J.: 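Have a look at the structure that comes next, please.
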Amino acid sequence: MSIPNQHHGSAVKPLRVACIGGGPGGLFTAIALAHNVPGAAVDVFERNLASDVFGFGVVFSDATLDNIDRVDPILRNTLTEHGRHWDSIEVHAKGQVTEAGGNGMSAVHRRVLLGALRDRAHELGARLHYSTNVSVRSLDEQGVYDLIVAADGTNSAARESFSTDLEHSVEEAAVKFIWFGTTFQFNGLTFLHKQSEHGNFAVHAYPIGSGLSTFIVETDEKTWRRAGLDRFDMSTPPGESDGVTQSYLEDLFADEIDGANLVANNSRWANFRTRRTQHWHSHTDRGTPVVFLGDAMHTAHFSVGSGTKMAMEDAAVLAQTLAGHTTDLDTALSEFQQIRRPQVAKVQDSSVPSLAWWDHFGEYYRELEPWQFGFHFFTRSISAEKIRIRDPHFVEAAERAWFEQNGAMPLDTTLKIAATEFDSRLLSIVDATSELVSLTDGTSTLVARHDASATVPVFTAPRSDRTTLDPKAAAQLDALCSGEPDAVVVRGGTELSRVLSAEHVRLHHHIPAIVLDNEASIRARRAVDRRDCAATLVLSGRADAVAIESAPVQTPGTIASETSK
């Protein structure tokens, strides 16, 4: 296939760009270039038919639209005309609903958004080629393009050609998910939780217009197999959906969706993959620069971020840096990565605790009361006081539920550990060495030791942000708890690994867990102060008490996970 250069005779040679992938990232690249680089000639290549659209809704928070809207109003206009907007998020569990407001979001059917982006890109002069399967090599051999943009999605074939240069890594989540639509109309983002005879299932649902709602279902692998949902042949070409799962889920959630149908569209089980990449651009053997964006480079779990939004923001910044360096593309691409990579990393970092929550949602559902289950969910990536700014009634409801059960506010609730009785759940550290940790509430003092046989042992959490505890760490905690200690103090590791360790102690073994947090974690989790940090951990059921240490102390490895060394 030969792509002619239609710009002969121009006084200034136009920038010639090829985009591989006709999704939102590729199309918005064409739109952004038209605005930022006058005369740019852009070809967008999509291997599927224009009528082939896989997936259902795409979601955007109100706070994230400005960067895209500054380039072109097409997204905001499409959401206003065809999408659905909401402010509150609901969590349904065991017949009760927990609701939090201040979460303005909009969603629209992917088919509608793609249609709008295609029309806008074409209007601005881009040439769109469908049913056209190209590669970086085939485009480069034409000798036509100054730049190749690879926006061909999470399973990017273009990326695989440069895997060594890019230093690309993938982490796979533990839980399974499958994507359907439904004709049932949800009012806003709604999380449904239900337990069958096979195990726990959870749904992310939200309205998208076009008479549909998105209906994403997650479950753990053991439940998935027990329910007989592991029989679909994944080697079948894209397009065929898992009918057995569709029927099972329609029956399971019939009451929640009033018997409405689920709608399949290439619906098949998968494990979410978080992709990270060190280098976002490279060169062909002929020296043509190649830059990657969107899901081809980075993904963040759908519970916190929109891959579509991140891809469009990538495109906006890429066009901006190219406009500033039209004759020095390498500098433009380096600047693009320098700007966008930290922004993407921030989203990905915030998605880790959310992804971890979904890896453990069945356990939380079984062990926590509905109000605490909901509070645990909403505070997975943000503190109680930060949520209070958005919706004070939500936090007050959780505090009221705690007070009714305990007769005091979370940090003022008495905690008894053997002969020691604390009047506060926010403790101070009197002493912390490699041998012991001494904790006090100002009146009573508890000494925990780095000794597996101690009545209150100290466990050093692994230095890992894995969304589940590694098997060695879990086994060590199990061995520690088999001695029936009065409590376990958890320190070290990372913010996430400390919480996972404490929850393992509390929810698996029903033994009190005291978390030693630190000032860096308070800042990282966007907590207001140490009281906010401690109250969030206690009220959510992640810990029984919290003490703040200013800096970690080197501890022996005998009771620490091997991954922490």
Side-chain angles (χ1 to χ4, degrees), residues 24 52-62 64-65 75-76 78-93 95-101 103-116 175-194 196 200-219 229 241-243 245-270 272 301-309 354 358 361 374 377-378:
D52 290 339
V53 178
F54 298 131
F56 292 95
V58 287
V59 181
F60 302 87
S61 72
D62 292 351
T64 65
L65 293 178
L75 174 59
R76 193 180 295 274
T78 302
L79 290 171
T80 300
E81 295 172 15
H82 304 286
R84 292 286 303 275
H85 183 271
W86 62 87
D87 181 72
S88 294
I89 299 174
E90 294 182 355
V91 176
H92 295 231
Q96 297 187 30
V97 178
T98 305
E99 181 177 354
N103 301 286
M105 295 181 179
S106 298
V108 69
H109 198 299
R110 182 177 173 86
R111 183 184 301 278
V112 173
L113 177 59
L114 283 175
V175 297
K176 298 279 185 181
F177 79 95
I178 190 168
W179 208 302
F180 288 101
T182 178
T183 53
F184 182 81
Q185 292 298 295
F186 288 92
N187 293 322
L189 182 55
T190 305
F191 295 96
L192 308 174
H193 293 268
K194 199 155 187 181
S196 75
N200 289 82
F201 291 83
V203 173
H204 311 229
Y206 51 87
I208 60 174
S210 304
L212 290 172
S213 296
T214 287
F215 198 85
I216 309 169
V217 184
E218 294 198 84
T219 192
L229 305 179
S241 297
D242 184 346
T245 290
Q246 182 176 354
S247 178
Y248 180 95
L249 295 175
E250 283 178 337
D251 291 341
L252 179 63
F253 289 99
D255 291 342
E256 288 73 16
I257 58 177
D258 291 344
N261 294 324
L262 295 185
V263 179
N265 180 359
N266 196 38
S267 301
R268 47 182 72 190
W269 290 99
F272 186 82
H301 193 249
F302 45 79
S303 62
V304 299
S306 165
T308 298
K309 186 267 297 188
S354 184
W358 288 102
F361 76 86
F377 170 77
F378 283 111

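Computed over heavy atoms, backbone and side chain alike; hydrogens, waters and symmetry mates excluded. On a predicted model such as this, the values are computed, not experimentally measured, just so you know.
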J.: With a 4.5 Å heavy-atom cut-off, do Leu262 and Phe253 have their side chains touching?
T.: no

J.: Which distance, rounded to the nearest 0.5 Å, do you find between the CZ of Phe180 and the CG of Leu212?
T.: 13.5 Å

J.: Find out whether Lys194 and Glu256 are in side-chain contact, i.e. whether some heavy atom of one side chain is under 4.5 Å from a heavy atom of the other.
T.: yes

J.: Please check: side-chain N/O of Ser241 versus main-chain N/O of Asn266, any donor-acceptor pairing under 3.5 Å?
T.: yes

J.: Using the side chain to side chain contact (heavy atoms under 4.5 Å, CB included) rule, take Thr182 and Phe56 through it: C-alpha gap first, then chi angles, then the decisive distance, then the call.
T.: CA-CA 10 Å; Thr182 178; Phe56 292 95; over 6 Å; no

J.: So do the side chains of Leu65 and Leu79 get within less than 4.5 Å of each other, counting heavy atoms only?
T.: yes

J.: Of all residues at least two apart in sequence or in a different chain, which pass the salt bridge (charged side-chain N to carboxylate O under 4.0 Å, His left out) check with Lys176?
T.: none

J.: Considering only heavy atoms from C-beta outward, does the side chain of Thr214 approach that of Phe302 to under 4.5 Å?
T.: no

J.: Within a strict 4.5 Å, meaning less than it, do heavy atoms of the Val108 and Ile208 side chains meet?
T.: no

J.: Mind listing the closest non-hydrogen atom pair of Trp179 and Gly57 along with its distance?
T.: CZ2-O, 3.9 Å

J.: Roughly how far, to the nearest 0.5 Å, is CD of Gln246 from CZ of Phe215?
T.: 11.0 Å

J.: Looking at every non-hydrogen atom in both residues, tell me the closest pair between Asn200 and Thr219 and how far apart they are.
T.: O-OG1, 2.7 Å

J.: Quick check against the 3.5 Å criterion: does Ser247 have a side-chain atom that pairs as donor or acceptor with the backbone of Thr245?
T.: no

J.: Can you tell if the side chain of Ile89 reaches within under 4.5 Å of the side chain of Met105, non-hydrogen atoms only?
T.: yes

J.: Let's go through Trp358 and His204 carefully: what are the C-alpha distance in whole Å and the side-chain angles of both, what is the deciding distance for side chain to side chain contact (heavy atoms under 4.5 Å, CB included) to 0.1 Å, and is it a yes or a no?
T.: CA-CA 11 Å; Trp358 288 102; His204 311 229; 3.4 Å; yes

J.: Can you tell me how far apart CG (Leu192) and CG (Asp255) are? Round to the nearest 0.5 Å.
T.: 11.0 Å

J.: Flag the pair Trp86 / Phe186 as yes when at least one side-chain heavy-atom distance between them is below 4.5 Å, and no otherwise.
T.: no

J.: Taking side-chain hydrogen bond (donor to acceptor under 3.5 Å, both in side chains) as the definition, give me every residue that meets it alongside Arg268, ordered by chain and number, with sequence neighbours left out.
T.: Thr236

J.: Nearest heavy-atom pair of Ile257 and Phe184: which atoms, and what distance?
T.: O-CD1, 3.3 Å

J.: Above 12 or not: heavy atoms from other molecules or residues under 6.0 Å from CG of Asp62?
T.: yes

J.: Measure the CG-CG distance between Asp52 and Leu114 for me, rounded to the nearest 0.5 Å.
T.: 11.0 Å

J.: Looking at side-chain heavy atoms only, is the closest gap between Leu189 and Asn103 below 4.5 Å?
T.: no

J.: Side chain to side chain contact (heavy atoms under 4.5 Å, CB included) between Thr98 and Phe377: does it pass, once the steps are laid out?
T.: CA-CA 10 Å; Thr98 305; Phe377 170 77; over 6 Å; no

J.: Using every non-hydrogen atom in the two residues, find where Ala107 and Val59 come nearest and quote the distance to one decimal.
T.: CB-CG2, 4.0 Å

J.: When the ring centroid of Phe191 is compared with that of Phe361, is the distance short of 6.0 Å?
T.: no

J.: Any idea which heavy atoms bring Gly188 and Thr190 closest together, and the distance?
T.: O-OG1, 2.9 Å

J.: What's the verdict on side chain to side chain contact (heavy atoms under 4.5 Å, CB included) for Glu90 and Asn187, showing C-alpha distance, side-chain angles and the deciding distance?
T.: CA-CA 10 Å; Glu90 294 182 355; Asn187 293 322; 5.5 Å; no

J.: Identify the heavy atoms of His109 and Gly55 that sit nearest to each other, and give their distance.
T.: CE1-O, 4.2 Å

